[in-house]
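Predicted model only: the values in this text are computed from it and were never measured.
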Amino acid sequence: MAWIFLVVAGLFEIGWPVGLKLAQTPGRGLIGSVLAVVCMAASGVLLYLAQRDIPMGTAYAVWTGIGAAGAFVVGLTLYGDPASLPRILGVGLIVAGVVTLKLTH
């Protein structure tokens with residue numbers, strides 16, 4: 001169950017930078033800010049629950065890795081962020097690190 005908490009926490013970790021980006025859109029400041037705060041809170045609570053059974057360093061690395069890779073993909077798909085080979089390889093390294101941490105836990 002701890003790994004489910006951790007993965008869902010990572011997914012909520014994607015939501016708060018999306019909310020902050022949305023808050024920069026005229027007329028969407030409030031909804032974007034609320035989305036960001038709700039996602040931060042949910043992510044933090046789920047990380048707390050996951051850390052009861054998963055070592056702190058592993059949990060934090062997986063949590064931030066999911067958030068970073070997910071935010072990268074959202075940036076590419078929704079906001080037109082650049083998709084250069086070095087950036088994609090960098091995110092691939094993050095994902096490889098997260099997978100390695102899961103496999104060695």
ask   = Hey, is the main chain of P82 close enough, under 3.5 Å, to the side chain of R87 for a donor-acceptor pair?
value = yes
task = Could you go through the side chain to side chain contact (heavy atoms under 4.5 Å, CB included) check for L35 and C39 one step at a time?
result = CA-CA 6 Å; L35 176 65; C39 286; 3.8 Å; yes
key: With L78, the side chain to side chain contact (heavy atoms under 4.5 Å, CB included) member among D81, L76, V74   = V74
Smallest separation among heavy atoms of A2 and A50, with atom names = O-CB, 3.5 Å
Between NZ on residue K21 and CZ on residue R28, distance to nearest 0.5 Å = 14.0 Å
request  = For the pair S43 (side chain) and A9 (backbone), establish whether a donor and an acceptor sit closer than 3.5 Å, ignoring hydrogens and angles.
outcome  = yes
CG on L6 to CG on D53, rounded to 0.5 Å = 11.0 Å
note = Rounded to the nearest 0.5 Å, the CD1 atom of I94 sits from the CD1 atom of I66 at a distance of 12.0 Å
request  = Count the heavy atoms belonging to other residues, nucleotides or ligands that lie under 6.0 Å from CZ of F72, then report whether that count exceeds 12.
outcome  = yes
Side-chain touch W3/K102, heavy atoms, less than 4.5 angstrom = yes
query = Same hydrophobic cluster for V95 and V7, using side-chain heavy-atom links shorter than 4.5 Å among ILVMFWY?
reply = no
task = Measure the CZ-CE distance between F12 and M40 for me, rounded to the nearest 0.5 Å.
result = 13.5 Å
request  = Report the C-alpha separation of L89 and L93 in whole Å, then their side-chain angles, then the decisive distance to 0.1 Å, and conclude whether the side chain to side chain contact (heavy atoms under 4.5 Å, CB included) test is met.
outcome  = CA-CA 6 Å; L89 290 174; L93 290 171; 5.7 Å; no
query = Which heavy atom in A69 sits nearest to a heavy atom in V91, and how many Å separate them?
reply = CB-CG1, 3.8 Å
task = Report the distance from atom CG of L47 to atom CD1 of I54, rounding to the nearest 0.5 Å.
result = 9.0 Å
message = Can you give me the closest heavy-atom contact between I14 and G70, atom names plus distance?
response = CD1-CA, 3.5 Å
ask   = Do you know the tightest heavy-atom contact between W16 and A36?
value = CB-O, 3.4 Å
